[in-house]
> 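Structure below; questions to follow.
Sequence positions, counted from 1, serve as the residue numbers for this chain. Source: prediction; values computed, not measured.
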Amino acid sequence: MLKRISALILAGATALTMAGCSSSDGGGDSSVGGGADDGKIVMGFAQVGAESGWRTANTKDIQETAKEAGIELKFSDAQQKQENQIKAIRSYIQQKVDVIAFSPVVESGWDTVLKEAQNAKIPVILTDRSVDSTDTSLYKTFLGSDFVEEGKKAGQWLVDQYKDSTDEVNIVQLEGTTGSAPANDRKSGFEEVIKADPKFKVIASQSGDFTRAKGKEVMEAFLKSNPDIDVLWAHNDDMGLGAIEAIEGAGKVPGKDIKIITADATHDGMQALADGKINFIVECNPLMGKQLMELAKKVVAGEDVPQRVVTEETTFTQEQAKEVLPNRKY
């Protein structure tokens, strides 16, 4: 009887010891975050929001490719608010995910939360938009477009269109969300190209927040205060589409009375281009999910990855839009 009691006490002590070990650090190897104990990579993704057709396509692609890659995705929508993204990232840190990815709402103000992720040994991947931190060790890589180059492509098309004209060209610009990388970079790239010729004049420039409704509202104001507008450069299709409504409401013909350049190449934008309401679109490809999942697997495994990965993109004229529209995925 005494031997049996001793055996039971020993078994109980062993069980308590084992329970204490397994709960001390949430399980798993903390060197690359926590994540699941079943070997499955867990990614926390903090999306900007759902402000445009581009963003919707981007979200859908990331969700689908994560599933295909066997990666568990924890997803949050920041509704275009930086504080919501920071809250989501901190939540992912607490959950000990294996990797964090996010598209920053704006460029500034990320060092503190990125340092928290670094201290937790959770690698971070920037997607679509970058940050202006001088400490590039705070993230592993940035996957996305070259927004400066997109602005340059828009500017070069305009320069080519008016190369034989000596008349002044009055341009209005619908900028993206104030402080965001695409807004800053598309503006600077565009202006860098057109500044060599003094006939190009940006007579008004204001944020349309990347939304169709705001694009329409700001364009209506532009039209009231600037009756002689020759060109609109909109930083995305949705703002351009909103502006088309305002232009038509003012009794003008979009694409003729006012030439329109946009960025993204979403299905609705491409349709407007094919219909002649937009004149030129610079592509910004939202389908980066596959590349993101490949990068995530590498950084979780501790492999080296390039600090900058640029997505492949092109431009579209009216005829090119008509050709590719039937098979356009977004």
Side-chain angles (χ1 to χ4, degrees), residues 25-36 40-51 55-56 58-63 65-67 69 71-145 176-184 210 286 288-289 291-302 305 307-309:
D25 194 34
D29 181 1
S30 63
S31 64
V32 287
K40 191 173 189 179
I41 292 173
V42 179
M43 173 189 287
F45 188 89
Q47 182 60 284
V48 173
E51 76 282 2
R55 189 65 56 191
T56 300
N58 179 244
T59 291
K60 183 180 178 183
D61 184 56
I62 287 167
Q63 291 171 333
T65 54
K67 189 175 181 179
I71 291 175
E72 181 182 335
L73 186 69
K74 294 181 181 294
F75 183 90
S76 66
D77 180 339
Q79 298 178 327
Q80 291 186 280
K81 295 180 180 179
Q82 184 178 30
E83 60 267 30
N84 290 346
Q85 280 195 312
I86 291 173
K87 187 186 296 184
I89 293 168
R90 286 188 169 135
S91 172
Y92 296 147
I93 294 169
Q94 290 174 350
Q95 294 175 61
K96 298 183 179 180
V97 300
D98 296 299
V99 58
I100 293 170
F102 76 111
S103 299
V105 175
V106 294
E107 287 188 289
S108 301
W110 299 103
D111 283 30
T112 300
V113 73
L114 290 179
K115 187 66 177 176
E116 291 170 18
Q118 187 179 65
N119 290 340
K121 299 181 181 178
I122 301 175
V124 173
I125 299 173
L126 305 178
T127 68
D128 173 42
R129 303 177 179 184
S130 188
V131 297
D132 63 5
S133 175
T134 56
D135 184 359
T136 55
S137 73
L138 294 176
Y139 56 92
K140 293 296 183 181
T141 185
F142 164 39
L143 166 66
S145 304
T177 302
T178 302
S180 68
N184 293 341
F210 284 127
M288 60 183 74
Q291 285 177 287
L292 174 59
M293 300 312 149
E294 290 172 353
L295 288 169
K297 289 179 179 180
K298 287 180 179 179
V299 298
V300 169
V305 295
Q307 190 150 45
R308 181 72 171 96
V309 180

> To the nearest 0.5 Å, how far apart are NZ in K121 and CD1 in I93?
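So the gap between those two atoms works out to 14.5 Å.
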
> Using modelled atom types only, decide if a donor and an acceptor are shared between the side chain of D61 and the backbone of M288 within a distance under 3.5 Å.
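Confirmed, D61 side chain pairs with M288 backbone.
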
> For A183 versus F210, what's the shortest heavy-atom pair and its separation?
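Closest approach of A183 to F210: N-CZ, 4.3 Å.
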
> How far apart are the C-alpha atoms of V309 and F142, what are their side-chain angles, what is the distance that settles it, and do they pass the side-chain contact (heavy atoms from CB on, under 4.5 Å) test?
CA-CA 6 Å; V309 180; F142 164 39; over 6 Å; no

> Could you go through R90 and V113, starting from their C-alpha distance and side-chain angles, then the distance that decides it, and tell me whether this counts as side-chain contact (heavy atoms from CB on, under 4.5 Å)?
CA-CA 7 Å; R90 286 188 169 135; V113 73; 3.8 Å; yes

> Over all heavy atoms of both residues, which pair between V124 and L138 is shortest? Give the atoms and the distance, please.
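Distance-wise, the nearest heavy atoms are CB-O, 4.0 Å.
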
> State whether the side chain of R129 and the backbone N or O of E107 hold a donor-acceptor pair below 3.5 Å, judged by distance alone.
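No; zero donor-acceptor contacts below 3.5 Å.
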
> When you compare the side chain of I122 with that of V97, does any pair of heavy atoms fall below 4.5 Å?
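Result yes, sub-4.5 Å side-chain heavy-atom pair found.
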
> Check for a donor-acceptor pair, side chain of Q85 on one end and backbone N or O of S103 on the other, with a separation under 3.5 Å.
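Checked: pair present.
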
> Verify, without hydrogens or angle tests, whether S91 (side chain) and K87 (backbone) share a donor-acceptor contact under 3.5 angstrom.
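Flag not set: sc S91 to bb K87 has no pair under 3.5 Å.
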
> Looking at P123 and D98, what are the two nearest heavy atoms and their distance?
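Result for this residue pair: CD-O, 3.2 Å.
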
> Short question: side chain of Q307, backbone of T136 - any donor-acceptor pair under 3.5 Å?
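Yes, because the side chain of Q307 sits within donor-acceptor range (under 3.5 Å) of the backbone of T136.
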
> Does any part of the side chain of I41, heavy atoms only, come nearer than 4.5 Å to the side chain of V99, both counted from C-beta?
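In contact.
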
> Between D135 and K115, does any NZ, NE, NH1 or NH2 come within less than 4.0 Å of an OD or OE carboxylate oxygen?
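Answer for the salt bridge query: no.
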
> Side chain of Q82, backbone of S108: donor and acceptor closer than 3.5 Å?
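Such a contact is found between Q82 side chain and S108 backbone.
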
> Quick check: does any side chain N or O of T59 sit under 3.5 Å from a backbone N or O of T56, one acting as donor and the other as acceptor?
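No, T59 side chain to T56 backbone: no donor-acceptor pair under 3.5 Å.
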
> Quick one: does E72's side chain have a donor or acceptor within less than 3.5 Å of a partner on M43's backbone?
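No, the answer is negative, given that no donor and acceptor are paired below the 3.5 Å cut-off.
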
> Distance from I62 atom CD1 to T127 atom OG1, nearest 0.5 Å?
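The CD1 atom of I62 sits 5.0 Å away from the OG1 atom of T127.
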
> So Q118 and L114, side-chain contact (heavy atoms from CB on, under 4.5 Å) or not? Walk me through it.
CA-CA 6 Å; Q118 187 179 65; L114 290 179; over 6 Å; no

> Which heavy-atom pair separates A46 from F102 by the least distance, and what is that distance?
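Minimum heavy-atom separation between A46 and F102: O-CB, 3.2 Å.
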
> Which atoms form the tightest heavy-atom contact between F45 and Y92, and what is the distance?
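Of all heavy-atom pairs spanning F45 and Y92, the closest is O-OH, 3.0 Å.
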
> So, do L73 and K67 sit near enough that their side-chain heavy atoms are less than 4.5 Å apart?
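Heavy-atom side-chain distance check fails, nothing below 4.5 Å.
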
> Is there a side-chain contact between T141 and L126 (heavy atoms, below 4.5 Å)?
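They are not in contact (no side-chain heavy atoms under 4.5 Å apart), so the answer is no.
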
> What is the minimum heavy-atom distance between W110 and I86, and which atoms define it?
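For W110 versus I86, the nearest heavy atoms are CZ3-CG1, 3.6 Å.
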
> Could you go step by step and tell me if I89 and I100 meet the side-chain contact (heavy atoms from CB on, under 4.5 Å) rule?
CA-CA 7 Å; I89 293 168; I100 293 170; 4.1 Å; yes

> Going from NZ on K298 to CE on M293, what distance comes out if it is rounded to the nearest 0.5 angstrom?
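Reported to 0.5 Å precision, the distance equals 14.5 Å.
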
